[in-house]
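A short worksheet on the structure shown next.
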Amino acid sequence: MKKSSLILGIDVGSVSIHLALVAPDKTLVFQTSCYHHGEVKAALARLVEQNELTGVTHVAKTAASPSFIQSDFIVDDQVAIIRSVRHLHHGKAGAVLNIGGENFSLSLFDEMGNYTGARHNTSCAAGTGSFLYQQAGRLHLSGSKEISSMALKNTKKRPDIATRCAVFAKTDLIHSQQEGYDLNQICDGLCYGLAKNIANTLFKQKKVQGSIVFCGGVSLNAAVSRHLEQIVGIKLETDSNSLAYGALGAALSLMDGMARISPNSYSCPDDYFKIQENESVYRYPALCLTLSDYPDFTCFNSYDHEKVEVDIYKDPDRGSSVSGFLGLDVGSTSTKAIIVDIKGDPLAGFYTKTASRPVQAVQQLFKACDHFITIYSLDLSINGCGTTGSGRRISAKIIGADIEPDEITAHACAAVNLNPKVDTIIEIGGQDAKFTLLRDGMVTSSVMQYGVCRRHRQFC
């Protein structure tokens, strides 16, 4: 092996890419990572353009990395991580806990540093980095790191958040908000639930002897790490290379058999990808709507006001006096409001994301309503207000609503007013789906989807 040889290890996970550049003396000289958002090729091409990655002569990748990535060597993901642990910790670790974007595992070693087996999660990704990434999106946070930062600030009681299912977790997030928990408490509840799930899956058997090395994306979440240590009762060791264990291990594994592999040129991003022949693609005809009519959503005017979509359904006649009613639907995913005139004809509709902050969402809608009234110089009188949706109770108390019907009642009332002959309503919302039957304008039956969790009655 030439002294100028540089080996690049590539580890592509379900949510991110990790690179590790290793010198001939097995020193890690550079590492970098990024989220790929499903665009692996584009993200990797950007990463390898960095000046630190010039002079690469060999590439190794983990087996989970896509096949279109050019490499001189492929190694199993778990083998790569174990190889890194043995290199960085000199065979003194009792176990290595790896929590990535899709999987988590606990690899075990005996007193001599020999591998003795591993424990893994099931095929469900609950309790992994992608689960936290998804919950961060629902809370409008940047990712696991921000969830951790907010969780560590919590000094009050944390809510119970189900972390074995993303749907159940979403339901618990909504319920926690309605019960008055702040964002720091909710994030702490998420991190504790995640740690408890991991502990129950990996640490229920024989206690681990010796230190535990913690690697993978979730290792950067200090709140999860703290809760895990308290639950398991063992100190977790995390270092600055925790994200690069897979990529580093791939490079080191290649170096173990370096004499048999000839160097290659990796001078530009295209060198890191295999040349793929174009394949014939067979497609079915495009879908078209033939069995029903699709409504026309055009209206008098539409615009955005501070993250609220506003639709003006008919000319409000500037400077006029208007009397009507306000309807508010605070859902798990979005919050909507509508103003109707005294006859029930819609005047204006307002839409925004709930973003796990129902109170702020309602405030945004009211600001948009006020802006609508101001720009059209309306003298608007609201004779009554009703709220519905998963956040109907907390919003009703805040705004002093007159009624707070459940979604089934609200859907039925609206459907019958639009079409007195309607007999079936199918509703697919952000948190649940409902099938409702009506006869002569009255609800005769309604079914929500049911899941394995009886406490929430949600579909997983």
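Owing to the predicted nature of the structure, the values given are computational and were not obtained by experimental measurement.
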Check the surroundings of atom [atom1] in [X]: do more than 12 heavy atoms from other residues, nucleotides or ligands lie under 6.0 Å from it?
X    : atom1 : answer
K434 : NZ    : yes
D440 : CG    : no
K397 : NZ    : no
L289 : CG    : yes

Side-chain heavy-atom pair [X], [Y] within 4.5 angstrom cut-off:
X    : Y    : result
V340 : L347 : no
L139 : C187 : yes
T444 : L438 : no
L437 : D423 : no
I186 : Q135 : no
F435 : S446 : no
H371 : E306 : no

Give, for atom OG1 of T424 and atom CZ of R439, the distance between the pair rounded to the nearest 0.5 Å.
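CZ of R439 is found 11.0 Å from OG1 of T424.
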Distance check, rounded to the nearest 0.5 Å: I17 atom CD1 versus S33 atom OG?
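If we round to the nearest 0.5 Å, I17:CD1 and S33:OG are 9.5 Å apart.
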Taking N241 for its side chain and A244 for its backbone only, find out whether a donor-acceptor pair lies under 3.5 Å.
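The answer is no, because no donor-acceptor pair under 3.5 Å joins these two groups.
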Worked check of side-chain hydrogen bond (donor to acceptor under 3.5 Å, both in side chains) between T335 and T352
CA-CA 5 Å; T335 298; T352 191; over 6 Å; no
Would N184 and N154 count as a side-chain hydrogen bond (donor to acceptor under 3.5 Å, both in side chains) here? Give the steps.
CA-CA 5 Å; N184 291 344; N154 181 42; over 6 Å; no
Before we go on, tell me: are the rings of Y272 and Y266 under 6.0 Å apart, centre to centre?
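Distance test on ring centres: under 6.0 Å, yes.
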